[in-house]
Amino acid sequence: MNAVRLTENFFTRDVLTVAPELIGKVLVRQFPDGKAIKTIITEVEAYKGIDDLACHASKGKTPRNEVMFMNGGLIYVYLIYGMYWMLNFVTATPENPQAVLIRGIHDCSGPGRLTRKLEIDKSFYGENLCLSDRIWVEDFGLSLSYSKSARIGVDYAGPFWAKVPWRFFAEETVVEKIVNSVNFPTMLG
DNA sequence: GGGACGATTGAA
DNA sequence: TCAATCGTCCCA
């Protein structure tokens, strides 16, 4: 299987283009002890700039979200409910503060669960996915069909923004089928 | 300085 | 249905 690491030009596009294209891409986490996890991204959500009332950037630039106001390809991490780190990929360009929330990977559903498994915390804030030696994304040429739905847990944003179908996810059966057909390991490492 | 709240999760 | 748990942000 040939794999190509995603570069800046992948991430500096609109979030509604980048988010669905991340389904089927492979997230790589390299640990200090030499071990690694390579896992297929199966669920994401798009947060689209200052107009999107569910997007943190709609509240204006703050110390917490300032990385969203930088270039695509950086990582935005924040703590939610005092317990869970949320992993986001910044997209587009500084004048367009957007991000993709990574909500699910193969064999690990849930944004808080996957950051625990991948040992991702505040120290990853601002990490560059195109340069980092501990986290990046690869294209293995896998193609997964995906479904859309409203985003999860954003009712506070009001009926319009809570309902836009900006959650993208591959059905469980689709993921299993691809994993089996290409003999992609559950967790390479 | 005080208080409300959250892009969640796991247990009752 | 509900508690856990704390950084962030707004108001005074």
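Quick caveat: nothing in here was measured; it's all calculated off a predicted structure. In the text below, chain A, chain B and the rest are named by the order of the sequence lines, each starting its count at 1.
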### Message
With rounding to the closest Å, how many angstrom separate the P atoms on B:dA4 and C:dA3?
### Response
16 Å

### Spacing of A:Leu131 atom CG and A:Leu74 atom CG [to the nearest 0.5 Å]
9.0 Å

### For A:Glu171, all residues meeting side chain to side chain donor-acceptor pair (under 3.5 Å), sequence neighbours excluded
A:Ser147

### Message
What's A:Met86 touching, base or sugar-phosphate or nothing? Going by heavy atoms closer than 4.0 Å.
### Response
sugar-phosphate

### Rounded distance in Å - CD1 (A:Ile80) to P (C:dA4)
18 Å

### Query
Atom NE2 of A:His56 to atom P of C:dC10: distance rounded to whole Å?
12 Å

### Message
Applying the side-chain contact (heavy atoms from CB on, under 4.5 Å) criterion to A:Pro111, which one of A:Met86, A:Glu45, A:Glu43 satisfies it?
### Response
A:Met86

### Query
Which base, if any, makes a Watson-Crick or G-U wobble pair with C:dT5, both distances under 3.5 Å?
none

### Message
When you compare the ring of A:Tyr47 with the six-membered ring of B:dA7's base, are the centres less than 5.5 Å apart and the planes under 30° from each other?
### Response
yes

### Message
Distance check needed: C:dA3 C1' versus A:Tyr84 OH, whole Å only.
### Response
11 Å

### Donor-acceptor pair, side chain of A:Arg134 and main chain of A:Pro32, under 3.5 angstrom
no

### Message
With a 3.5 Å limit on both atom pairs, tell me what C:dC11 is paired to, counting Watson-Crick and G-U wobble, or say none.
### Response
B:dG1

### Query
Looking at B:dG10, C:dT5, B:dA7, which one has an atom nearest to any side-chain atom of A:Met83?
C:dT5

### Query
Between A:Arg116 and B:dT8, is there a side-chain N or O to OP1/OP2 distance below 4.0 Å?
no

### Short side-chain N/O contact to B:dA7 OP1/OP2 from A:Tyr156, under 4.0 Å
yes

### Query
At under 4.0 Å, does any side-chain N or O of A:Arg167 touch on OP1 or OP2 of B:dA7?
no

#### Entry: Per-pair stack call A:Tyr81 and B:dT8, 5.5 Å, 30°
yes

### Query
Rounded to the nearest Å, what distance is computed from the CD1 atom of residue A:Ile120 to the P atom of nucleotide B:dA7?
19 Å

### Query
How many Å lie between CZ on A:Arg151 and P on B:dT8, as a whole number?
12 Å

#### Entry: Atom CD1 of A:Ile50 with >12 non-hydrogen neighbours under 6.0 angstrom
no

### Summary
Distance col, row A:Thr12:OG1 vs A:Gln98:CD, nearest 0.5 angstrom, shows 10.5 Å

Strictly under 3.5 Å: I want the nitrogen or oxygen pairs between protein and nucleotides 7-9 of chain C, one per line.
{"from": "C:dT8", "atom 1": "OP1", "to": "A:Lys122", "atom 2": "NZ", "distance (Å)": "3.4"}
{"from": "C:dC9", "atom 1": "OP1", "to": "A:Thr62", "atom 2": "OG1", "distance (Å)": "2.3"}

### Query
Rounded to the nearest Å, what distance is computed from the NZ atom of residue A:Lys117 to the P atom of nucleotide B:dG10?
12 Å

### Query
Does a donor on one side chain and an acceptor on the other come within less than 3.5 Å for A:Asp133 and A:Gln30?
no

### Query
Roughly, in whole Å, what's the span from OH in A:Tyr78 to C1' in B:dG6?
8 Å

